[in-house]
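Inspection log for the structure reproduced underneath, given as C-alpha cells.
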Amino acid sequence: MKLYYATGMCSLSPHIVAIEAGIALELERVDIRKIPRVTETGADYAQVNPNLYVPALALDDGTILLEGTAIVQYLADLAPASGLAPPPGSLARVQLQSWLGFIATELHKVFSPWLFHPEYGTQAQDVARSRLAARLDYVERQLAAGGPYLLGERYSIADAYLYTILSWSAHTKVDLSAFPHVRRLIERVGERPAVQQALREEEEEGRY
Ligand SMILES: N[C@@H](CCC(=O)N[C@@H](CS)C(=O)NCC(=O)O)C(=O)O
C-alpha cells in the first residue's frame, strides 16, 4: 500500500493510523505547492487524484482511495484488534463518523485553505479564526463532559485527525489557550510512539 502525502499536512492522519494499526506503508511525497503536481518519483499526481490534493492511498491491486476520513476508516478496519475505530454498524462507529465529519468540514477546511494563503487577506482570515474558536469551544465542552478523547476513554482515529489539524495552530495563529481539554488531548496524542514515528518519517523524507 502506498500513501501519497505532503509533510505535516492532513495526510499525517492516515500515516499515524497506519503505524498505530501495524500496517506497512510505502510513502510517496507530493509537492502540493506546484502545478503541474508531481510526486517525488516524478509521477503526475493528477493521474492519482484528479483533485490534486493529498492524501491518496493506492492499494496493492491499484485501487486508489481518496478522502482522509474514508482512508483512516479503511486502515483502522484492516486491524480491528487495534481498537482505533468501533465496529462498523455500531452506534459508536456513527459517533466516530460524526467527529470525522466535524473535523473535516468545520476545522480542517477552515484552516485549509483560508489560513494557509496570506493572499486571501486579513478579513477572511479573521473570520476563519473566529469560526475556529467557536467550533473549538464546542470540542472543549464535549471533552470536559466526556473526555479525555473524543470518544471518551478510548483513543481513536478521530483523535489522530484532530491532532493533525491542530498541529497547524501555532503557525496559523489560532489561539488554543482557552481550550485546556483540547490542549491536553493534543499533548497526549503527540506523546504516542506512533505519532512520534510518523512525524520522524515525514521529516526524514524531507519537507518541500
Ligand atoms: N477533502 C480532502 C481535502 C484534503 C486537503 O485539503 N489536502 C490539502 C493538504 S491538508 C492539500 O493537499 N492541498 C493542496 C490542494 O488542495 O491543491 C480530504 O479530506 O482528504
Side-chain angles (χ1 to χ4, degrees), residues 1-18 20-21 23 25 27-59 63-78 84-85 96-120 124-125 128-129 131-132 135-136 139 150 156-174 186 189-190 195 198-199 201-203 205-208:
M1 242 183 281
K2 185 195 282 185
L3 178 69
Y4 291 89
Y5 80 102
T7 305
M9 300 311 291
C10 53
S11 41
L12 177 63
S13 158
H15 188 180
I16 292 169
V17 170
E20 298 271 16
I23 296 165
L25 276 188
L27 294 173
E28 184 148 346
R29 194 159 31 115
V30 181
D31 186 349
I32 60 168
R33 298 168 317 172
K34 291 192 191 133
I35 303 280
R37 201 147 285 183
V38 289
T39 75
E40 63 184 309
T41 63
D44 176 10
Y45 188 59
Q47 302 298 316
V48 178
N49 183 0
N51 298 316
L52 301 181
Y53 49 67
V54 291
L57 185 70
L59 307 187
T63 305
I64 303 285
L65 289 183
L66 299 178
E67 298 303 319
T69 55
I71 293 171
V72 288
Q73 292 183 75
Y74 176 77
L75 292 169
D77 288 343
L78 288 179
L84 290 163
L96 170 77
Q97 289 166 330
S98 170
W99 276 120
L100 292 173
F102 177 88
I103 298 166
T105 58
E106 303 295 336
L107 301 176
H108 180 180
K109 286 287 103 187
V110 180
F111 273 98
S112 154
W114 299 104
L115 297 181
F116 287 168
H117 293 273
E119 67 273 20
Y120 291 160
Q125 297 195 324
R129 286 193 188 91
R131 201 173 167 91
L132 283 170
R135 297 299 182 249
L136 288 169
V139 180
L150 293 170
S156 76
I157 55 179
D159 301 300
Y161 188 22
L162 184 66
Y163 168 87
T164 299
I165 300 310
L166 294 184
S167 71
W168 303 333
S169 301
H171 73 264
T172 54
K173 299 188 174 60
V174 171
I186 296 312
V189 175
V195 175
L199 291 170
E201 286 177 2
E202 294 199 3
E203 284 299 331
E205 291 254 334
R207 188 180 280 276
Y208 279 114

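Indexing begins at 1, ligand by ligand and atom by atom, following the structure's order. Note: hydrogens, waters and symmetry copies are ignored here, and every other heavy atom, side chains too, is used.
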Which residue supplies the protein heavy atom nearest to [atom], what is that atom called, and how far is it?
| atom | answer |
| --- | --- |
| atom 11 (C) of ligand 1 | Y53 CB, 3.5 Å |
| atom 6 (O) of ligand 1 | K109 NZ, 2.7 Å |
| atom 9 (C) of ligand 1 | C10 SG, 3.6 Å |

Q: Could you label the plane-to-plane angle of the H108 and Y161 rings as parallel, tilted or perpendicular, counting under 30° as parallel and over 60° as perpendicular?
A: perpendicular
Q) Can a non-hydrogen atom of A6 be found less than 4.0 Å from any atom of ligand 1? A) no
Q. Under a heavy-atom criterion of less than 4.0 Å, does P55 contact ligand 1?
A. yes
Q: Measure S112 to ligand 1 on non-hydrogen atoms and call it side chain, backbone, both or neither using the 4.0 Å cut-off.
A: side chain
Q | Pick from M9, E67, R37: the one approaching atom 14 (C) of ligand 1 most closely through a non-hydrogen atom | A | R37
Q) For atom 7 (N) of ligand 1, which of L65, N51, V54 has the closest heavy atom? A) V54
Q. Are the side chain of E106 and the backbone N or O of G101 linked by a donor-acceptor pair below 3.5 Å?
A. no
Q | Y163 side chain vs S13 backbone, donor-acceptor pair below 3.5 Å | A | no
Q. Quick check: does G68 get an N/O under 3.5 Å from an N/O on ligand 1?
A. yes
**Q.** F102: partners by ring-ring contact (aromatic ring centres under 6.0 Å, His included), with sequence neighbours left out
**A.** W99, Y138
Q: Please report the closest heavy-atom contact between L3 and S11, naming both atoms and the distance.
A: CD2-O, 3.7 Å
(Q) Among L66, V30, L27, which residue satisfies the side-chain contact (heavy atoms from CB on, under 4.5 Å) criterion with Y4? (A) V30
Q: Evaluate the criterion side chain to side chain contact (heavy atoms under 4.5 Å, CB included) for residue pair E28 and V48; output intermediate values, then yes/no.
A: CA-CA 12 Å; E28 184 148 346; V48 178; over 6 Å; no
